[in-house]
Number of protein chains: 2
Amino acid sequence: MKLSSKGRYAVMALVDLARFNEINPVSLRDISLRQGISLDYLEQIFSKLRKNEIVQSVRGKQGGYILNKKAREIKLTNILDAVDEKVKTVQCKKELKKGCNGKATKCLTHNLWDELETHINNFFDKKSLEDLVQDNLDRRA
Amino acid sequence: MKLSSKGRYAVMALVDLARFNEINPVSLRDISLRQGISLDYLEQIFSKLRKNEIVQSVRGKQGGYILNKKAREIKLTNILDAVDEKVKTVQCKKELKKGCNGKATKCLTHNLWDELETHINNFFDKKSLEDLVQDNLDRRA
DNA sequence: ATAAACCTGACTAAAATAGTCAAGTATCTT
DNA sequence: AAGATACTTGACTATTTTAGTCAGGTTTAT
Ligand code: FES
Ligand code: FES
């Protein structure tokens, strides 16, 4: 199981953005250069972040993106959810009434993966963008 | 991020096996039928489990596989590790002295994913095969 | 007017996943 | 000894996902 780049980039980009957010809109071009992420790929990612109301866009020259909420209120869960990179341990949803194998009953390990998903989401629910920015300042000092 | 079938199958198969382990070797054919997993795929998986000394094989008629340790001593970590399905949050290993972007310095989020990996591994380190079998008995009751 | 920046949708190469298939070898039962 | 059961190994493949690229827009500050 590997973590995807898309999710990682989304968080990286937002941490970068959050650091300059108070002053001016931040252009994707700048983020691209600072973080070494393809501009075109960033545009895909920010399109989703905007649709999920995590950032706001400012069009035209001197435009860019700004956070749509306070950094403290943006949790990792929200970010990963926005770019469709939430952790999915199982495909067999409750509403389907089917197990992972297509049978009517849940498989022997269903509960385990459900527990795991909860465990991971706890981690993501607690961490905010502000925490991450602060973390970086701390380590630099 | 999606959990792979291979890891899920490995755990399912071992829970199944652990339930009958005390009596006789369990054939992959039986596991395949009970759990609805392709026999050929199971063979790949058990080849790895055997090489990692999690199971022992008994060849010939009436053969099959048995656990190589007590169920209590087999942790989820061991199983997932054996089938190469450990969670990898980052590719940028310490020994490489390179960040995920190929640069010399770690990216803004490196620490975060490291923390996450630890958090997930804690979960896997605690759960044993015995726990899982017991869980299933409990729920059936 | 023009350049900076966002916006959109389609496209694609490469990798990973989830298997299948073929050809064995070992051992038990009869 | 013969046959059946079951493990063993390695190669092969279709599908899906990932990680982008590319081509064309539209908006707004200067
Ligand atoms: S039935 Fe839900 S994971 Fe198998
Ligand atoms: S440098 Fe390790 S995740 Fe980016």
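Letters go in sequence order (proteins before strands), and every chain restarts at 1. Quick caveat, the model's predicted, so the values are computed rather than measured.
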> Treat primed atoms plus P, OP1 and OP2 as sugar-phosphate and everything else as base, then score nucleotides 1-18 of chain D 5' to 3': B for base contact with protein heavy atoms under 4.0 Å, S for sugar-phosphate contact only, - for none.
----BSBBS-B-------
> So, does B:Y9 get its side chain near the phosphate of C:dG19, meaning an N or O under 4.0 Å from OP1 or OP2?
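Looking at the OP1 and OP2 atoms of C:dG19, one of them is under 4.0 Å from a side-chain N or O of B:Y9.
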> Using atom NZ of B:K88 as one end and atom C1' of C:dA15 as the other, report the distance to the nearest whole Å.
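Atom NZ in B:K88 sits about 17 Å away from atom C1' in C:dA15.
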> Starting at CD of B:Q91 and ending at C1' of D:dA19, how long is that distance when rounded to a whole Å?
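Those two atoms, CD and C1', are 13 Å apart.
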> Taking atom P of C:dC7 as reference, at what distance in whole Å does atom NZ of A:K48 sit?
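Rounded to the whole Å, the gap is 15 Å.
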> I'd like to know if A:E117 pairs up with A:K88 as an ion pair, taking the criterion as any Lys NZ or Arg NE/NH1/NH2 lying under 4.0 Å from an Asp or Glu carboxylate oxygen.
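No, this pair does not count.
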> Take atom CD1 of A:I45 and atom P of D:dT21, then tell me their distance rounded to the nearest Å.
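After rounding, the reported distance stands at 11 Å.
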> Check whether A:D81 reaches the backbone of A:K86 with its side chain - one donor and one acceptor, N or O, closer than 3.5 Å.
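Between the backbone of A:K86 and the side chain of A:D81 there is no qualifying donor-acceptor contact (under 3.5 Å).
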> Could you note down all residue pairs passing ring pair (Phe, Tyr, Trp, His ring centres under 6.0 Å) where residues 67-86 of chain A supplies at least one of them, sequence neighbours left out?
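Non-adjacent pairs meeting ring pair (Phe, Tyr, Trp, His ring centres under 6.0 Å): zero.
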> With a sphere of 6.0 Å drawn around CD of B:E43, does it hold more than 12 non-hydrogen atoms of other residues, nucleotides or ligands?
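Atom CD in B:E43 is crowded, with more than 12 foreign heavy atoms closer than 6.0 Å.
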> Please determine if A:D16 and A:R34 form a salt bridge, counting it only when a charged side-chain N lies under 4.0 Å from a carboxylate O.
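Yes.
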> So, B:K70 and B:E130, do they make that salt bridge, N to O below 4.0 Å?
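Judged by the 4.0 Å cut-off on N to carboxylate O distance, B:K70 and B:E130 do not form a salt bridge.
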